[in-house]
Amino acid sequence: MIKKFDLLGLILPIFLVFLWGYVTVTNIAPSYILPSPSKVVISLFDFAFGTNSSSPYSGQMLEHTLMSLKRVCTGFLLGGGLGFVLGIASAAVQYVNRIFATSIHILRAMPGIGWLPIAMVWFGVGEKTSIFLIGIAAFFPIYMNTLQGAGAVDPLQYRAARMLGAKKLQLLTSIMIPSALPQILVGLRIGLSISWAYVVLGELTGVNKGLGAVMMDARMLGRLEMILVMMVCIAVLGRITDQFLLLLYRFIRPFEIKK
Amino acid sequence: MKPILKIENISKYYTKHGTKDRLHVLDQLSFEINEGEIVTLLGSSGCGKSTILNIIAGFEKIEGGAVYLKGEKIQQPSSSIGVVFQNPTLFEWMTVYENIQFGLKYKKIDKKTERESIYEYINLLELKGFENFYPSQLSGGMQQRVAIARVLILSPQILLMDEPFAALDSFRRAKMQLLLQHLAIQLKCTILFITHDLEEAIFLSDQIYILKDLPTQIIQKVNISFERPRRYEDLCGDLEFMNIKSEIFQQLRHE
């Protein structure tokens, strides 16, 4: 898993940062279009540790981060949980699949963002709308991958388990779900990354707290560097939660690294 | 000796897709297996051997006849009929220990007895030191030994083996045949063995049923009465062994 680090890959990002610094220092890109890298870094530190008390965002990172994280987790668990349960049920019982598959594919044709206006009507501006959007976003990839993984289990595995004494429901928990786990993980990771995309969308539409809310606030106040700081924070958080998923997976499936 | 397994007039056919034509795989096939014997079904590939085994195991439905284990009709798979498949079919996400433990979970046994029993079979199948390995880390022969252990630990009334050593090289296969023979003596197993390997059949069996295909029929029953434990190096040069081999070979060629 730990890949050998390729120094060649560093050249482009370093060059881009220098280019960014260059165009801001020389005013090719004025600061109201693109703030300088140093300003973004200083603002990031201030946002995290409160080093400059004059800024309204000073030291507020934890509060906003936890808010966004809470929304992502709630939506992800609700939507993803439903996707998982329905995926397994559809793979296990043909009737469930036949009843739900068509409807789900019709719903899936609607891009997640398209749910925003109607969600605002139903749930009002704010918390519930964000969670609804995240739930919708997380549901589809997790449902699809769970169904695909659970449906692709080698029939011989079920035969082996039955001849060892496993009955219907036991086949589900002891064969189907563990066999499908690698594919389910793929769904979880896609779902989680889309969840982070949709928390930004949800929070842009008018909540007080959360990284997306700060982003929108900063845009209105003309604090461009804070917009960039939020982008960095969201990217890093997305990465951290993804790694957490992988870590959890490796804890359940230690042999895939032992190999 | 009394029969433990009775196969009575079993018939099985597949309907050709889109037609009413039936392909008769089995037509009124009957035979018996005595308790404590190793019986082999010998026939070329695709002669319906595996179908017979799948029916006895309760995996496949039949159109006629019945299979009785100790007088009881077999309706579905159960742990009293153990199966070792051609591929080990282990549970990849479980360790060797957990794979062997799998069937015991569905029996009410206290933890201590369970543990002792698992280690007994780990030792019997020469898997000591590998209990915490995962199947993908083991050789094919070891995987197959795990597959045998997880079945034998449930003390099945009969063990069905579907060309279990076909994927092994000849040296490993000879070792496994010897090991199986020792297990059969020690645990007093009844085994139905499927193979297309003539020497393997003669080496392992008390009875050999020679099969012909479509519909599958038994064309000859051969008694093999060499003393056990049989040793490969002794039998290889034995005149009687070679005679039996030659007879069966001629029989198969005429079909």
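The chains referred to below are lettered A, B, ... by the order of the sequence lines, with proteins before strands, and numbering in each begins at 1. Just so we're clear, the structure is a prediction, and the values are computed from it rather than from any experiment.
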Give a yes or no on this: more than 12 heavy atoms of other residues, nucleotides or ligands lie within 6.0 Å of atom NZ of B:Lys6. no
Can a donor-acceptor pair be found, under 3.5 Å and without considering hydrogens, that links the side chain of A:Gln157 to the backbone of B:Leu90? yes
Between CG on residue A:Leu164 and NZ on residue B:Lys107, distance to nearest 0.5 Å: 10.0 Å
With a 4.5 angstrom heavy-atom cut-off, is it the side chain or the backbone of B:Phe102 that approaches chain A, or both, or neither? side chain
Taking the side chain as every heavy atom from C-beta outward, state whether B:Tyr106 and A:Ser174 have any pair of such atoms under 4.5 Å apart. yes
Please flag which part of A:Ile252 lies under 4.5 Å from any non-hydrogen atom of chain B: side chain, backbone, both or neither. neither
Check whether any side-chain heavy atom of B:Asn54 lies under 4.5 Å from a side-chain heavy atom of A:Arg159, and answer yes or no. yes
Would you say the side chain of A:Met163 lies within less than 4.5 Å of the side chain of B:Val151, judging by non-hydrogen atoms? yes
Which portion of B:Phe59 sits near chain A, non-hydrogen atoms under 4.5 angstrom: both
Residues, nucleotides or ligands: over 12 heavy atoms within 6.0 Å of A:Leu16 CG: yes
Greater than 12 external heavy atoms within 6.0 Å of A:Arg108's CZ: no
If you draw a 6.0 Å radius around CZ in A:Phe100, do more than 12 non-hydrogen atoms from other residues or ligands fall strictly inside? no
Interface moiety of B:Ile81 toward chain A, non-hydrogen atoms closer than 4.5 Å: backbone
Nearest 0.5 angstrom please: B:Thr89 OG1 to A:Asp154 CG, how far? 7.0 Å
Close side-chain approach of A:Ile175 and B:Trp93, heavy atoms under 4.5 Å: yes
When rounded to the nearest 0.5 Å, the distance separating OG of B:Ser79 from CZ of A:Arg162 is 13.0 Å
